[in-house]
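Start at 1 and go down the list; that is how both ligands and their atoms are numbered.
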Amino acid sequence: MNKELEKAIVTQLNFEIESAFVYVAMKNYLETLSLEGFVNWFEIQFQEEMAHAQKFMNYLNERGGRVEIRGFETPKNDFSSVLEVLEASLAHEKEVTRRIHNLMKMAIEIGDYPSISLLNWYVDEQVEEEDNFSKLIDKVKLVGGKGLFMLDKELLTRVFVPIAK
Ligand code: OFO
């Protein structure tokens, strides 16, 4: 496969793992607020990011590429509110989307159809990722401080759904 595209996918899969670290740091901040639903929600988010990374790894291995795992930036560990966590998450997802779209542009320019097919999955997934956080932000703003307890209960129901290889 094209070496430039292979390198770019390696960078992205490492960014997915970095995303997992971003969310597990948030999860541990939420633990300090005893918001079990939010903790659960971010635990699932952490697992999803690892699954996103794994999907890229499986793909590269199938195509005869070489996966390389790198070091990561220390994620932000301290926040001042749930809303700050969610807004930082949405900003993070927008950055992921920007990177996925750049990868897609590269795959289209090269004419690498298997990569275009793979990246279509990520393009769709990013629509969902951004929507999830936008909706949560809206809900937190709507319910305010006291309603957070009920919303927290609702978030306990999120479960990890394995993704196709
Ligand atoms: Fe992997 O989508 Fe979120 O970061």
Examine E49 against ligand 1 and note whether any of their N/O atoms are separated by less than 3.5 Å. yes
Closer than 2.8 Å to atom 3 (Fe) of ligand 1: does that hold for any N, O or S atom in E48? no
Are F15 and F72, when compared by the centres of their aromatic rings, separated by less than 6.0 Å? no
How wide is the angle at atom 1 (Fe) of ligand 1 between OE1 in E16 and ND1 in H52, to the nearest 10°? 100°
Whether E125 has an N, O or S atom under 2.8 Å from atom 1 (Fe) of ligand 1: no
Report the relative orientation of the aromatic rings in F133 and Y23; use parallel for angles under 30°, tilted for 30 to 60°, perpendicular for over 60°. parallel
With heavy atoms of S19 as the reference, note each atom of ligand 1 found under 4.0 Å away. 4 (O)
Minimum-distance N/O/S atom that E129 presents toward atom 3 (Fe) of ligand 1: OE2
Side chain, backbone, both or neither: E93 near ligand 1, heavy atoms under 4.0 Å: side chain
List the steps and the verdict of side-chain hydrogen bond (donor to acceptor under 3.5 Å, both in side chains) for E95 and H92. CA-CA 5 Å; E95 173 59 19; H92 184 82; over 6 Å; no
Determine the sole option in E62, Q54, K55 for which the side chain to side chain donor-acceptor pair (under 3.5 Å) test with N58 is passed. Q54
Report the C-alpha separation of E130 and Q126 in whole Å, then their side-chain angles, then the decisive distance to 0.1 Å, and conclude whether the side-chain hydrogen bond (donor to acceptor under 3.5 Å, both in side chains) test is met. CA-CA 6 Å; E130 287 191 26; Q126 280 313 115; 5.0 Å; no
Qualifying residue for side chain to side chain donor-acceptor pair (under 3.5 Å) with K135, from N132, D131, D138: D131
